K.L.:
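Okay, here's the structure, questions in a sec.
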Protein chains: 2
Amino acid sequence: MEFLPGPSVVELKLEEVLAALADPVRLRMVGLLAVTDTERSCSPAGFPVELHKSTLSHHFKVLRAAGLTRTRLEGRNRFVRLRREDLQERFPGLLDAVLAAIGPAEPPTGSR
Amino acid sequence: MEFLPGPSVVELKLEEVLAALADPVRLRMVGLLAVTDTERSCSPAGFPVELHKSTLSHHFKVLRAAGLTRTRLEGRNRFVRLRREDLQERFPGLLDAVLAAIGPAEPPTGSR
DNA sequence: CTCACTGTTTGACGATCATCCAACAATTCC
DNA sequence: GGAATTGTTGGATGATCGTCAAACAGTGAG
């Protein structure tokens, strides 16, 4: 099981976490990840946002570099999930407050 | 008693609050304001940051526009304070978590 | 081995940001 | 009334950001 590198718990920086969350696209991605609190494929099916795949890749990288998410490799697929425990340990209550403020995100089952 | 205009509680936007906090200078300003949780003069004496006064003015404006602070006018002086209750009402736990994450800020009495 | 798929990287582009400088504005002091 | 004080504003500057397009890279399927 292989993961892409990211900061350890003690390396998490408040400013980077806040900066990563201060973008509407990434805030929505975090909200979607929080819905099931499990891994989610990086594919457009997993994140219904109308952006170029390179833009999504950029945002995934920012979230990972800030330490908000962990990315696992499986063949040519990437799976990403929130680092809720790590963030809770480093900045207690921060992510929960942000997720509560986001409000109910749309469920992953999309019946439009 | 006259205040500069700012958003009402319901007008507070999560992304703007996070964006305002995602800057190291503003994060420090918020931390300093939280120390005494009272009004603080906008003068350089109240905020020991080595920046141009127009830059401080810019940051005060961003904090106020995001709804993090309220600014009161008194002659040619400005006094600013955190809107802790408003932020707690709108985004429960968010500001407390941020302030806890900032850690102990230096006390306002400066005996270097 | 080639092609398809999933993502990443690089560069270009326009927009936004933080900073400083100079000028300006309102208030206070003498 | 003029000077000083406290801030604000506009503009310039360089840096950063989000976006897309094209090219690239690793893995899987046939």
Side-chain angles (χ1 to χ4, degrees), chain A residues 1-6 13-33 39-81, chain B residues 1-6 13-33 39-81:
Chain A
M1 188 171 288
E2 185 178 0
F3 293 94
L4 290 177
K13 295 191 183 66
L14 180 63
E15 287 158 30
E16 287 190 32
V17 170
L18 293 172
L21 292 170
D23 176 83
V25 170
R26 294 195 292 272
L27 200 57
R28 186 170 173 196
M29 291 164 86
V30 167
L32 286 167
L33 286 169
E39 268 186 344
R40 194 180 274 239
S41 170
C42 288
S43 71
F47 290 85
V49 288
E50 304 296 315
L51 288 170
H52 202 276
K53 61 178 180 173
S54 59
T55 308
L56 286 180
S57 188
H58 158 74
H59 284 305
F60 279 125
K61 188 169 182 175
V62 173
L63 287 174
R64 178 163 55 86
L68 276 150
T69 59
R70 164 178 287 121
T71 304
R72 179 176 65 86
L73 306 179
E74 187 182 294
R76 61 190 181 203
N77 301 109
R78 304 298 173 87
F79 296 92
V80 62
R81 70 180 296 163
Chain B
M1 186 173 288
E2 187 179 359
F3 293 94
L4 290 177
K13 295 190 182 69
L14 180 63
E15 287 158 32
E16 286 189 33
V17 170
L18 292 172
L21 292 169
D23 177 85
V25 170
R26 292 195 292 272
L27 200 57
R28 188 169 170 198
M29 291 163 87
V30 167
L32 286 166
L33 286 168
E39 268 187 343
R40 191 178 276 240
S41 169
C42 289
S43 70
F47 289 87
V49 288
E50 305 297 317
L51 289 171
H52 202 275
K53 61 178 180 174
S54 60
T55 307
L56 286 180
S57 187
H58 158 74
H59 284 304
F60 280 124
K61 187 170 185 176
V62 173
L63 286 174
R64 177 164 56 85
L68 277 149
T69 57
R70 163 178 287 121
T71 303
R72 181 175 64 85
L73 305 180
E74 187 182 293
R76 64 188 174 205
N77 301 111
R78 303 298 174 87
F79 296 92
V80 63
R81 71 180 296 165

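Per chain, numbering begins at 1; letters A, B, ... match sequence-line order. Quick caveat: nothing in here was measured; it's all calculated off a predicted structure.
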K.L.:
Which heavy atom in B:Arg40 sits nearest to a heavy atom in B:Leu32, and how many Å separate them?
P.N.:
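Closest heavy-atom pair between B:Arg40 and B:Leu32: NH2-O, 3.1 Å.
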K.L.:
Treating primed atoms plus P, OP1 and OP2 as sugar-phosphate and everything else as base, which nucleotides of nucleotides 22-28 of chain C get B, S or - for protein heavy atoms under 4.0 Å?
P.N.:
-----BB
K.L.:
Is the backbone of B:Val62 close enough, under 3.5 Å, to the side chain of B:Arg26 for a donor and an acceptor to pair up by distance?
P.N.:
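No, the answer is negative, given that no donor and acceptor are paired below the 3.5 Å cut-off.
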K.L.:
What verdict does the side-chain contact (heavy atoms from CB on, under 4.5 Å) test give for A:Arg81 and A:Thr69, after you've listed the backbone C-alpha separation in whole Å, the side-chain angles of each residue and the deciding distance to 0.1 Å?
P.N.:
CA-CA 5 Å; A:Arg81 70 180 296 163; A:Thr69 59; over 6 Å; no
K.L.:
When you measure from the side chain of B:Arg28 to the backbone of B:Phe47, do you find a donor-acceptor pair of N or O atoms at a distance under 3.5 Å?
P.N.:
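Between the backbone of B:Phe47 and the side chain of B:Arg28 there is no qualifying donor-acceptor contact (under 3.5 Å).
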K.L.:
Looking only at atom types and distance, does a side-chain atom of A:Arg64 sit under 3.5 Å from a main-chain N or O of A:Pro5, one as donor and one as acceptor?
P.N.:
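Between the backbone of A:Pro5 and the side chain of A:Arg64 there is a qualifying donor-acceptor contact (under 3.5 Å).
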K.L.:
Without decimals, in angstroms, what is the distance between B:Leu27 CG and C:dA18 C1'?
P.N.:
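Value for this atom pair: 16 Å.
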K.L.:
Which whole-number value in Å describes the distance from A:Leu56 CG to C:dG7 P?
P.N.:
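Rounded to the whole Å, the gap is 10 Å.
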K.L.:
For the pair made of CG in B:Asp23 and P in D:dA15, what is the distance, rounded to whole Å?
P.N.:
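So the CG-P distance, B:Asp23 to D:dA15, works out to 17 Å.
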K.L.:
To the nearest Å, give me how far apart NE2 (B:His59) and P (D:dT8) are.
P.N.:
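Distance check: B:His59 NE2 to D:dT8 P gives 13 Å.
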K.L.:
Starting at CD of B:Glu2 and ending at P of D:dG7, how long is that distance when rounded to a whole Å?
P.N.:
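To the nearest whole Å, that distance equals 15 Å.
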K.L.:
Measure from CZ on A:Phe47 to P on C:dT6 and round the result to the nearest Å.
P.N.:
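Computing the A:Phe47:CZ to C:dT6:P distance gives 15 Å.
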K.L.:
Any side-chain N or O of B:Lys61 less than 4.0 Å from the OP1 or OP2 oxygen of D:dG7?
P.N.:
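Checking D:dG7 against B:Lys61, no side-chain N or O comes under 4.0 Å of OP1 or OP2.
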K.L.:
To the nearest Å, give me how far apart CG (B:Leu51) and P (C:dC21) are.
P.N.:
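Answer to the nearest Å: 11 Å.
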K.L.:
Nearest-Å distance, NE2 (B:His58) to C1' (C:dC21)?
P.N.:
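So the two atoms are 15 Å apart, to the nearest Å.
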K.L.:
Of the non-hydrogen atoms in A:Leu21 and B:Leu18, which two are nearest, and what is the gap between them?
P.N.:
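Looks like O-CD1, 3.5 Å.
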K.L.:
Just compare C:dG7, D:dG7, D:dG18 and give me whichever is closest to any side-chain atom of A:Ser57.
P.N.:
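The closest nucleotide is C:dG7.
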